[in-house]
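Written below as structure tokens is the structure these notes are about.
Note on naming: letters A, B, ... go to the chains in the order of the sequence lines (proteins, then strands), and numbering restarts at 1 for each one.
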Amino acid sequence: MTTVRIPAGWPATEEAARAAQDALRGRVVLDEPGPPPGTGRVTGVDVAYDDERGVVAAAAVVLDAATLAPVAEATAVGEVSFPYVPGLLAFREIPTVLAALEALDRDPGLVVCDGYGLAHPRRFGLASHLGVLTGLPTIGVAKNPFTFTYEEPDAPRGSTAPLLAGAEEVGRALRTQAGVKPVFVSVGHRVSLGIACAHTLALAPKYRIPESTRRADSLCRRALRETVA
DNA sequence: GCGACAG
DNA sequence: ATCTTGTCGC
């Protein structure tokens with residue numbers, strides 16, 4: 001497990017963070033379809049916090065997209081780099097997530113984030129930000145609708161409904177398990193919304209949350225627990 | 001001005 | 001995110 005410090009020049013205020021988003025959002029690539037679902041590799045990333053100690057742990061778990069079997073993993077710990085502010089989540093999670101991704105011994109393929117990408121107040125959520133910084137294809141899969149609205153998708157697994165910011169479709173509510181609350185999928189970088197949903201559904205054959213996120217979640221929690229002093 | 005608000 | 005017991009169910 002690697003240790004990271006807050007990068008030099010990392011935004012220290014909300015104003016600086018919003019300015020950084022405005023400066024980077026133009027680099028998001030939205031005209032690529034993305035990797036075909038069920039082939040290659042898919043990597044889940046997630047973060048856990050100990051606000052008492054100001055410590056954060058991140059995990060990246062690489063899965064074989066066809067079998068969902070883990071083929072590589074890495075963790076990183078660091079100091080909390082930003083408070084939680086809706087719309088600025090990336091500044092709290094990215095330094096440690098980047099370190100975990102860089103510690104992997106192979107290409108991550110598609111990166112699945114716990115949160116949003118395009119579905120964001122300034123259209124530049126965590127998944128898009130991480131995509132721009134790494135150049136990797138990314139998507140966001142969130143557990144809550146944030147500030148957006150949606151109609152309940154039909155009950156069968158695989159049903160979707162638009163996730164809306166006014167009249168603009170910024171993502172999709174996707175039912176990954178029949179009769180269970182949907183997850184909220186949005187594009188991050190270099191992936192289309194349809195492909196993002198297809199990947200998400202393929203990653204959730206048994207549970208609501210994608211296997212990639214479940215694996216990364218348990219790993220970063222363990223890494224946090226095993227962190228001393 | 002007030003409330004809501006990814007993790 | 002995190003704080004937290006028991007409890008229902010496969």
- request: Could you go through the side-chain hydrogen bond (donor to acceptor under 3.5 Å, both in side chains) check for A/Gln21 and A/Arg122 one step at a time?
  value: CA-CA 8 Å; A/Gln21 291 181 328; A/Arg122 286 168 295 284; 2.8 Å; yes

- request: Evaluate the salt bridge (charged side-chain N to carboxylate O under 4.0 Å, His left out) criterion for residues A/Arg92 and A/Asp51: first the C-alpha distance (whole Å), next the side-chain angles of each, then the deciding distance (0.1 Å), finally the verdict.
  value: CA-CA 12 Å; A/Arg92 184 169 168 79; A/Asp51 283 308; 3.2 Å; yes

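Between A/Tyr49 and A/Tyr84, a ring centre-to-centre spacing not shorter than 6.0 Å is recorded.
A/Leu224 and A/Asp50 make their closest contact through CD2-N, 3.9 Å (heavy atoms, listed as atom of the first residue, atom of the second, distance). Nearest heavy atoms, A/Leu193 versus A/Ser186: CD1-CA, 4.2 Å. Shown here for A/Arg106 and A/Ala72, the closest heavy-atom pair between the two residues is NE-CB, 3.6 Å.
For DNA chain C, runs of at least 3 consecutive pairs of the Watson-Crick or G-U wobble type, with both hydrogen-bonding distances under 3.5 angstrom, are absent. Stem regions annotated for DNA chain B: none, counting only runs of 3 or more consecutive pairs of Watson-Crick or G-U type with both contacts under 3.5 Å.
Going from atom OG1 of A/Thr43 over to atom CG of A/Leu136 covers 8.5 Å, rounded to the nearest 0.5 Å. Distance check: A/Arg172 CZ to A/Phe184 CZ gives 14.0 Å after rounding to the nearest 0.5 Å.
Residues A/Arg221 and A/Asp217 are paired through a salt bridge, judged by an N-O separation under 4.0 Å between the basic side chain and the carboxylate.
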Under-3.5 Å N/O pairs linking protein and nucleotides 5-7 of chain B:
residue : atom : partner  : partner atom : Å
B/dA6   : OP2  : A/Tyr84  : OH           : 3.0
B/dA6   : N7   : A/Gly87  : N            : 3.1
B/dA6   : N6   : A/Gly87  : O            : 3.1
B/dA6   : N6   : A/Leu88  : N            : 3.4
B/dA6   : N6   : A/Leu89  : N            : 3.2
B/dA6   : N1   : A/Leu126 : N            : 3.3
B/dA6   : N3   : A/Tyr116 : N            : 3.1
B/dG7   : OP1  : A/Lys143 : N            : 2.8
B/dG7   : OP1  : A/Lys143 : NZ           : 3.4
B/dG7   : OP2  : A/Asn144 : ND2          : 2.6

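Between A/Arg225 atom CZ and C/dA1 atom P there is a gap of 15 Å when expressed in whole angstrom units.
Below 30°, between 30° and 60°, or above 60°: for A/Phe82 and A/Phe91 the angle between ring planes is between 30° and 60°, a tilted geometry.
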